[in-house]
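First up is the structure itself, then whatever we jot down about it.
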Amino acid sequence: MKKRFFQAGGSLKKDFPGYVERPADREIIQYLQQGYFCYVLTARQMGKSSLKVRCIQTLNAEGWTSIDIDITSIGSRNSTAEQWYYSILAQVAESLHLEDELDDWWDANGKLTPVARMSTFWTEIALPKVEGDLVIFMD
């Protein structure tokens, strides 16, 4: 079976034969492993999401926990602050298999502001479940 070399749009998997590895592929892994905050800023359709996919696969293979938050799927115009923060935490909870805990915890802490709920969820629920190193990708 012949492998495809070209793909129009979307993220490329780590082993995609048409992916051209760049110095940034190695550099971002090295910086993340050293604990640096990293960001990738470039124009649309320049490979940011594919770079992210490759980073996640590489770091996960090394035992890291990776959380991938897709900001574009959340929306902003017609959502409340509570919906926006909950949507981010829903992606975090899904990555860490904490969906059931999030719903119960979110409802029980309804008197906190959305920002306080998000912060407290990280410290009380999410981070204690993570073993080893953690990297969070926001795209």
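If you chain together hydrophobic residues whose side chains sit under 4.5 Å apart, V130 and F121 fall into the same group. Under the 4.5 Å side-chain contact rule for hydrophobic residues, W122 and I125 share a cluster. Hydrophobic clustering keeps L134 apart from I29 (ILVMFWY residues linked when any side-chain heavy atoms are closer than 4.5 Å, directly or through intermediates). Hydrophobic cluster membership differs between M138 and V135, with clusters built from Ile, Leu, Val, Met, Phe, Trp and Tyr side chains linked at under 4.5 angstrom. Residues V40 and I71 are members of separate hydrophobic clusters, defined by side-chain heavy-atom contacts under 4.5 angstrom among Ile, Leu, Val, Met, Phe, Trp and Tyr.
For S79 against W84, the heavy-atom pair with the smallest separation is OG-CD1, 4.2 Å. Across all their heavy atoms, L59 and S66 have their closest contact at CB-OG, 4.3 Å. In terms of heavy-atom proximity, D25 sits nearest to I28 at O-CG2, 3.7 Å. Annotation for K52 and D139: closest pair NZ-OD2, 3.4 Å, computed over non-hydrogen atoms. For the residue pair R117 and W105, the shortest heavy atom distance occurs at O-CH2, 3.1 Å.
With sequence neighbours excluded, no residue forms a salt bridge (charged side-chain N to carboxylate O under 4.0 Å, His left out) with E27.
Under the 4.5 Å side-chain criterion, counting only non-hydrogen atoms from C-beta, L112 is in contact with T120. Looking only at side-chain heavy atoms (C-beta outward), Q30 and Y36 stay at 4.5 Å or farther from each other. Using a 4.5 Å cut-off on side-chain heavy atoms (C-beta onward), E131 and T65 make no contact. Under the 4.5 Å side-chain criterion, counting only non-hydrogen atoms from C-beta, F137 is not in contact with L51. Considering only heavy atoms from C-beta on, T113 stays 4.5 Å or farther from Y85 through its side chain. Side-chain contact between L32 and F37 is absent, with no heavy atoms from C-beta onward closer than 4.5 Å. Using a 4.5 Å heavy-atom threshold, the side chains of D68 and V53 count as separate.
From I67, atom CD1 reaches atom CD1 of I136 across 5.0 Å, with rounding to the nearest 0.5 Å. In this structure, CG in D70 is found 8.0 Å from OG in S49, a value given to the nearest 0.5 Å. Rounding to the nearest 0.5 Å places CD of E82 at 10.0 Å from OG of S87. Rounding to the nearest 0.5 Å gives a distance of 12.5 Å between CD of E62 and CD of Q57.
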Tabulate below the donor-acceptor pairs under 3.5 Å that side-chain atoms of residues 94-101 make, not counting sequence neighbours, or state none.
unit_1, atom_1, unit_2, atom_2, d
S95, OG, Q91, O, 3.2

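Side-chain atoms of Q33 and W64 form no donor-acceptor pair, as typed in the model, at a separation below 3.5 Å.
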